[in-house]
Amino acid sequence: MSYKYKMVQVPPMISVKEKEHKGTEAATYMESVVNQMADQGWDFYRVDSIGVQLQPGCLAGLLGKKAAEGLYYVITFRKQA
């Protein structure tokens, strides 16, 4: 059986107002993304975190700026090809 895969990048942080914080915001957000993709025929497969190193430009590098690091999250979906 072969599959087609689709990756959707989601933000590493979601913003929630303190007075509205319930503790389930991350799950609710992810659920909405997964359900939206399910409506398009995609099955949830997994979530991965991927580190990215951002290299400074030429001038910034000459001025001593170091590489910055970021962490991103990608949800993988699949469906039969």
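All values below come from the heavy atoms of this structure, side chains included, with hydrogens, waters and symmetry mates left out.
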Exercise for the section: Among Ile, Leu, Val, Met, Phe, Trp and Tyr joined by side-chain contacts under 4.5 Å, find the other residues sharing a cluster with L62 and list them by chain and number. Expected result: none
Completion exercise
Applied to residues 38-49, the side-chain hydrogen bond (donor to acceptor under 3.5 Å, both in side chains) test, sequence neighbours excluded, yields R46-D48
Would you be so kind as to tabulate the donor-acceptor pairs closer than 3.5 Å made by side chains of residues 19-27, with sequence neighbours excluded?
| from | atom 1 | to | atom 2 | distance (Å) |
| --- | --- | --- | --- | --- |
| H21 | ND1 | E25 | OE1 | 3.3 |
| E25 | OE1 | G23 | N | 3.0 |
| E25 | OE2 | K22 | N | 2.5 |

Problem - Path from Y29 to V47 over hydrophobic side-chain contacts below 4.5 Å - result: yes
Problem - Residue pairs involving residues 52-81 (criterion ring pair (Phe, Tyr, Trp, His ring centres under 6.0 Å); sequence neighbours excluded) - result: none
Please set out all donor-acceptor pairs under 3.5 angstrom arising from side-chain atoms of residues 1-18, sequence neighbours excluded.
none

Practice task
Sorted by first residue and then second, give each salt bridge (Lys or Arg N to Asp or Glu O under 4.0 Å) pair with at least one member in residues 54-81; sequence neighbours left out.
Solution key: none
